[in-house]
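Notes to accompany the following structure.
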There are 2 protein chains.
Amino acid sequence: MNKKPTIRDVAKQAGVSPATVSYVLNDVKKVSDKTKAVVLEAIEQLNYFPDFTAVSLSKKKSNLIGIMLPIIEDSPASVFKNNLYYNEFVSGVELVARNRKFDTMITGVGDLDECKNWIMKRNIDGLIILGMFPESLYNELKNINIPIALIDTYEDYTNLFNNVKVNDEYGGYLAAKHLVELGHRNIAFVATNLAMSPVDRKRYQGFEEALKEAGIQPSSKFIFETHDITFEDGAKVGKELLSSDHGITGIVTVSDVLAIGIIKAIQQEGKQVPADYSIVGFDDLSICKYITPSLTTIRQDIFEKGKLAADQLVNAIESLNSEQKTIEMPVELIVRESTRSL
Amino acid sequence: MNKKPTIRDVAKQAGVSPATVSYVLNDVKKVSDKTKAVVLEAIEQLNYFPDFTAVSLSKKKSNLIGIMLPIIEDSPASVFKNNLYYNEFVSGVELVARNRKFDTMITGVGDLDECKNWIMKRNIDGLIILGMFPESLYNELKNINIPIALIDTYEDYTNLFNNVKVNDEYGGYLAAKHLVELGHRNIAFVATNLAMSPVDRKRYQGFEEALKEAGIQPSSKFIFETHDITFEDGAKVGKELLSSDHGITGIVTVSDVLAIGIIKAIQQEGKQVPADYSIVGFDDLSICKYITPSLTTIRQDIFEKGKLAADQLVNAIESLNSEQKTIEMPVELIVRESTRSL
DNA sequence: CTGAAAGCGCTTACAG
DNA sequence: CTGAAAGCGCTTACAG
């Protein structure tokens, strides 16, 4: 527990000034090879590494990127519990952050102030925001002078920021088209909340488009909404869907998690997938292959999404090149066992 | 983008010294109510909040707790991708950290130095280590003067630290006993790596115990090992298990994720769970209820585990009370559809 | 090429 | 009860 050496200790050991040590540390090109060698030697001997807190303070740069996760109203407790999506996303972020010498902080936030505070007090260099927050947050965010990457947002007030999203509309389209081609006509769309979620709306647009192309008249009778993205909510909406008798045979869903819950509900009612209902998920979580029936779904590469978001963010941080960019990732239909031809 | 106010600005506004502002901020009880009110007023007006970087530097306390995740050899990429366990654990940590005014950083680490650096450079106040690292790491850790909580470790060199674990032995016992009571005699044990994982060993001990109680002679023929905890590894070991013909009818597993993979393998070979094989998982991830058949498993409350670990850590940080504690959480058999009476 | 000095935004003995 | 001053560990103009 010999206390951590400081830059001063290194300086003394090397017989130079702290400034010089700092110069070699930061590769400021005005140190002679000779002194540089001496300094490096001293650093090695003392096993010195800089205190990032101090560096942050004087450089006004923290090398910290933050991931903010929304807290759903009634489960402020669980930040990203239950939602497999977050898992993969955060992994992606952490990976590129680490490789690029940044550290990753995560937080769930309740109210606006909490959020602003969090950013400011830690001098976060960049922020990734996952999920929807109230518009007022984004307005506040404009005044904060750090790069921000939003994930999966479509609102107008949102395009002042960097953005990583997938082609949601096409995803909805692919899902519906797949079912249509299999001969389904009465197809349900299960969203979380169309009014609140632009992502859901985009997917629904694509969904509608596919129906229309096939000469099917979309109807709001076929829209179902859940509260949150959990297996349980999926099961709940599944029951609802089963008892609504509109001759539904196909189900397009906004998330694999929901789809898995729905399948369970179907099975519990003594019906089968895909015999009685064909269902397609969204995301292609790793679990999809391993449930029975395995889940047909719209694949998006969430891990990659996290990597892209982090890369975009770090680029913005490092190059001051504050040009907003939005990256749209492709989407792909993965056919497995949960859908069948009618 | 008016720049962030500093303590100096507040002081000026309130007509006091920065020191005084600091006093009221830190609730050092020597400020008159009157000046305190003035200061608070100024803070309010300027919308001031302290810069944690600066606070950290001068207080030598960061209010940061770190979660270190192991990086499995061949997938250094994914920190906690794929493993649903991490998800819930981290959520628990984040929740209590936030409530107790700490922030949460996560990192995956490759080598030793990376780890030590990470702790030191950020002045992390406390560390939670998830999973196994080489012994040398723990030796290094002893020299670092911060509270550390280890999760699920049993090694000798490990009990210098705080520890949160579950009653693994009893878990293994419950699982095996359940199967034995259902009439199974040839029961496989699927671990990740008995030689490497003390947790696995504990569970196996309990497993053996239950067999012996029932007069069944344990045999190494019935032990199977995987590489990592992924669905894929589960499926792989499942195939292995199926082709090893020892008349196995029951399977005890060290993780739900593995169990799910195994079930898939079984179904793909045209066999059924529980008709042909009864299987019990470990963890009780939220997915367990929603797969088909739903998974009988040994429940541990992972979310709670994260909360306990964080609480323990923060307690240690705040009270200097550096007495090591190990918390053992209970474990419970949850019977669902994946096991049946023979 | 190198160093003395001021500064980053706070805290904390120490005086008064 | 309040403030001046030194200090936390670094960086960075500015001189020389």
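Order of the sequence lines sets the chain letters (A, B, ...), proteins ahead of strands, with each chain counted from 1. The structure presented is a predicted model; accordingly, all values stated were derived computationally and were not measured.
Residues forming a salt bridge (charged side-chain N to carboxylate O under 4.0 Å, His left out) with B:R8 (at least two apart in sequence, or on another chain): none. Every side chain to side chain contact (heavy atoms under 4.5 Å, CB included) that B:N163 has, sequence neighbours left out, goes to B:L150, B:T153, B:T158, B:K165, B:T326.
Distance, A:R8 CZ to D:dT11 P: 12 Å, rounded to whole Å. Regarding A:N123, its CG atom lies at a distance of 10 Å from the C1' atom of C:dC8, rounded to whole Å. Across the protein-nucleic acid pair, A:R122 atom CZ and C:dC10 atom P stand 14 Å apart, rounded to whole Å. Note: NZ (A:K4) to P (D:dC8) measures 14 Å, nearest angstrom.
With rounding to the nearest 0.5 angstrom, the CG atom of B:D125 is 5.5 Å from the NZ atom of B:K61. To the nearest 0.5 Å, atoms CG (A:N315) and CG (A:N162) are separated by 9.5 Å. Residue B:E318 holds its CD atom at 11.5 Å from NZ of B:K101, rounded to the nearest 0.5 Å. Note that OG1 of A:T53 is 8.0 Å distant from CG of B:L64, once rounded to the nearest 0.5 Å.
Proximity of A:Q13 to A:Y48: side-chain heavy atoms (C-beta onward) are nowhere separated by under 4.5 Å. Side-chain contact between B:I65 and B:V93: present, with at least one pair of heavy atoms (C-beta onward) separated by less than 4.5 Å. You'll find the side chain of A:N26 reaches within 4.5 Å of the side chain of A:K59, heavy atoms only. Residues A:V164 and A:I128 have side chains not in contact (no heavy-atom distance under 4.5 Å, counting atoms from C-beta outward).
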If a pair means Watson-Crick or G-U wobble with both distances below 3.5 Å, what does DNA chain C look like in dot-bracket form, with | marking bases paired to a different strand? |||.||||||||.|||
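No donor-acceptor contact under 3.5 angstrom links the side chains of A:N63 and B:R122, judged on distance only.
Note on B:S22: a base of the nucleic acid sits closer than 4.0 angstrom, heavy atoms only.
The environment of NZ in B:K12 is sparse: at most 12 heavy-atom neighbours from other residues, nucleotides or ligands sit within 6.0 Å. Within 6.0 Å of the CE atom in B:M329, the count of heavy atoms belonging to other residues, nucleotides or ligands exceeds 12.
Phosphate contact (OP1/OP2 of C:dT12, side-chain N/O of B:N26, threshold under 4.0 Å): absent.
Contacts between residues 56-65 of chain B and DNA chain D, defined by a heavy-atom separation below 4.0 Å, involve B:L57, B:S58, B:K60, listed by number. Of all the residues in residues 39-53 of chain A, A:Y48, A:P50, A:D51 reach under 4.0 Å from DNA chain D with at least one non-hydrogen atom.
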Every protein N/O lying under 3.5 Å from an N/O of nucleotides 2-4 of chain D:
from	atom 1	to	atom 2	distance (Å)
D:dT2	OP1	B:S32	OG	3.1
D:dT2	OP1	B:T35	OG1	3.0
D:dT2	OP2	B:S32	N	2.8
D:dT2	OP2	B:S32	OG	3.4
D:dT2	OP2	B:T35	OG1	2.8
D:dG3	OP2	B:S17	N	3.1
D:dG3	OP2	B:S17	OG	3.3
D:dG3	OP2	B:T20	OG1	2.6
D:dG3	O6	B:Y23	OH	2.6

